[in-house]
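Labels below follow one simple rule: chain letters A, B, ... track the order of the sequence lines, proteins then strands, and each chain is numbered from 1.
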Amino acid sequence: MRTGKEPQARYWLPGQGDWLAAWKYPPVARVSEVTGIQFSVGKSGKIAVVALLAPVMLDDKRVQRVNIGSVRRWNEWDIAPGDQILVSLAGQGIPRIDEVVWRSTQRSKPVPPEGRFNSLTCFYATAECQEQFVARLVWLGANEVLGLEGIGEAGWRELHQVYRFEHIFSWLGLTQEQLQSTFGISKGEKLWHQFNLSRDLPFTRWVIAMGIPLTQATLNASRDGSWQQLQERDEQSWRQLPFMGEQRARQVIQWLEDREVTALSNWLAAQRIAGFMP
DNA sequence: AGCTAGGTTGTCGCCTAATG
DNA sequence: CATTAGGCGACAACCTAGCT
């Protein structure tokens with residue numbers, strides 16, 4: 001619920017913008033029409049729902065989309081294109097839905113993607129996996145993971161489209177020439193350099209890049225420096241680490257046994273990445 | 001109850017591409 | 001060749017779900 005400091009009446013102004021502009025203070029919340037609903041699949045397979053809005057100014061910020069959350073939450077809100085919703089800025093300017101002001105009469109909601117994705121899917125590229133696969137690439141390139149500077153979502157999409165990656169580490173096999181022909185001489189060379197630097201990163205970074213379901217603290221505490229060490233742990237051994245409960249332990253073990261995951265591990269071994277070679 | 005990870009948003013600055 | 005426009009990546013802040 002809203003922390004309603006302002007009188008409700010302020011939201012229900014006829015004529016909208018003009019009247020509000022005359023108000024002594026800039027409006028903290030405004031009504032906008034939902035123009036569409038967008039679904040996205042993240043690296044863990046979670047589906048996020050976003051409402052696309054007719055642009056409105058909120059405290060000098062131009063707002064044209066707002067996060068709804070999970071599919072469950074979206075169902076609770078019951079929002080469809082054509083509806084009018086009240087939006088405000090949370091804290092330093094993240095848009096937030098306050099309430100549905102008005103629901104369209106003829107409503108048709110788009111169908112969300114099936115919830116068949118999870119943290120064990122889409123290490124390998126398939127047509128259905130496109131979204132999660134790209135999300136994995138974007139994430140593994142981030143600073144805290146492999147620190148691949150200069151490439152983001154658009155870049156990964158481009159590379160994947162041109163060279164048809166088999167799995168999330170296929171980019172390691174690209175040549176300098178290939179990168180330069182896609183991104184230009186200068187940027188291509190920089191990227192090639194970044195890719196090569198990543199090869200020398202410590203084992204931990206690469207395990208994180210693979211998406212191992214452990215918290216940072218747990219991984220640090222384990223002090224495991226090789227794939228073999230990870231595999232030698234049994235459930236009891238995992239449970240002894242901080243932040244490890246029954247579920248988490250099960251998850252890691254399942255992850256370590258996963259066919260695609262072990263295939264990736266072997267592939268990294270062939271690439272002579274630290275900690276993966278037997 | 002508390003914490004972490006993962007997900008989202010708009011803005012800013014850099015680099016590339018295009019135009020005169 | 002210089003200048004402008006646009007796209008992309010990086011960033012900080014916030015929210016929720018899930019697990020301990």
So, is R96(A) near the phosphate of dC14(C), with a side-chain N or O under 4.0 Å from OP1 or OP2? no
Rounded distance in Å - CZ (R157(A)) to P (dG9(C)): 11 Å
Output the rounded distance in Å from CD1 (I97(A)) to C1' (dC14(C)). 14 Å
By nearest heavy atom, map Q38(A) and G184(A) onto DNA chain B; which one lands nearer the 5' end? Q38(A)
Got a sec: does the CD of Q64(A) have more than 12 other heavy atoms crowding it under 6.0 Å? yes
How long is the line joining CH2 of W139(A) and P of dT8(B), in whole Å? 15 Å
Any chain of hydrophobic side-chain contacts (each under 4.5 Å) joining V261(A) to L172(A)? yes
With rounding to the nearest 0.5 Å, note down the distance linking CE in M210(A) to CZ in F123(A). 7.0 Å
Which one of W267(A), W206(A), F203(A), F169(A) satisfies the ring-ring contact (aromatic ring centres under 6.0 Å, His included) criterion with F276(A)? F203(A)
Nearest heavy atom decides the nucleotide; on that basis, is K187(A) or I94(A) closer to the 5' end of DNA chain B? I94(A)
Out of dC14(C), dG10(B), dG7(B), which has the shortest distance to the side chain of A48(A)? dG7(B)
Euclidean distance, atom CD of residue Q194(A) to atom P of dA10(C) [Å, nearest integer]: 9 Å
Does dT16(C) have its OP1 or OP2 closer than 4.0 Å to a side-chain nitrogen or oxygen of S70(A)? no
Report the distance from atom CD1 of I185(A) to atom C1' of dC15(B), rounded to the nearest whole Å. 15 Å
5'-most contact on DNA chain C: G150(A) or F243(A), nearest heavy atom basis? G150(A)
Closest listed nucleotide, where the reference is the side chain of K61(A) and the choices are dG10(B), dG9(C), dT8(B): dG10(B)
Within a radius of less than 6.0 Å around CD of Q271(A), do more than 12 heavy atoms belonging to other residues, nucleotides or ligands occur? yes
List every contact pair, protein side and nucleotides 4-6 of chain C side both N or O, where the distance is under 3.5 Å.
none

Nearest whole angstrom, please: distance from the P of dG9(C) to the NZ of K190(A). 13 Å
Over all strands shown, is R72(A) touching base, sugar-phosphate only, or nothing at heavy-atom distances under 4.0 angstrom? sugar-phosphate
Under 3.5 Å side-chain donor-acceptor pair for E158(A) and T182(A): no
In whole Å, what is the span from the CG atom of N220(A) to the C1' atom of dT4(B)? 13 Å
Return the nearest nucleotide to the side chain of E149(A); candidates are dC19(C), dT16(B), dA10(C). dA10(C)
Quick note, S40(A) side chain, CB onward, closest among dC19(C), dT8(B), dC15(C) is dT8(B)
Distance-only polar pair, side chains of T126(A) and E128(A), donor-acceptor under 3.5 Å: yes
To the side chain of S44(A), which of dG7(B), dC11(C), dG10(B) is closest? dG7(B)
At 4.0 Å (heavy atoms only), tell me whether G155(A) reaches a base, stays on the sugar-phosphate, or touches nothing. sugar-phosphate
Counting heavy atoms from C-beta on, name the nucleotide in dG10(B), dC15(C), dT16(B) closest to the side chain of S186(A). dT16(B)
What does Q251(A) touch in the nucleic acid at a heavy-atom separation under 4.0 angstrom: a base, only the sugar-phosphate, or nothing? sugar-phosphate
Tell me yes or no: between the side chains of Q236(A) and Q240(A), is some donor less than 3.5 Å from an acceptor? no
Name the residue closer to the 5' end of DNA chain C, choosing between G93(A) and G245(A) according to the nucleotide with the nearest heavy atom. G93(A)
Looking only at side-chain N and O atoms, does N143(A) come under 4.0 Å of OP1 or OP2 in dC11(C)? yes
Please check the phosphate of dT9(B) (OP1 and OP2 only) for any side-chain N or O of R65(A) closer than 4.0 Å. yes
Considering only heavy side-chain atoms of V50(A), the closest of dC19(C), dG10(B), dT8(B) is dT8(B)
Might you confirm whether atom CD of E246(A) has over 12 heavy atoms from other residues, nucleotides or ligands at distances under 6.0 Å? no
Out of dT16(C), dG7(B), dT9(B), minimum distance to the side chain of K46(A) belongs to dG7(B)
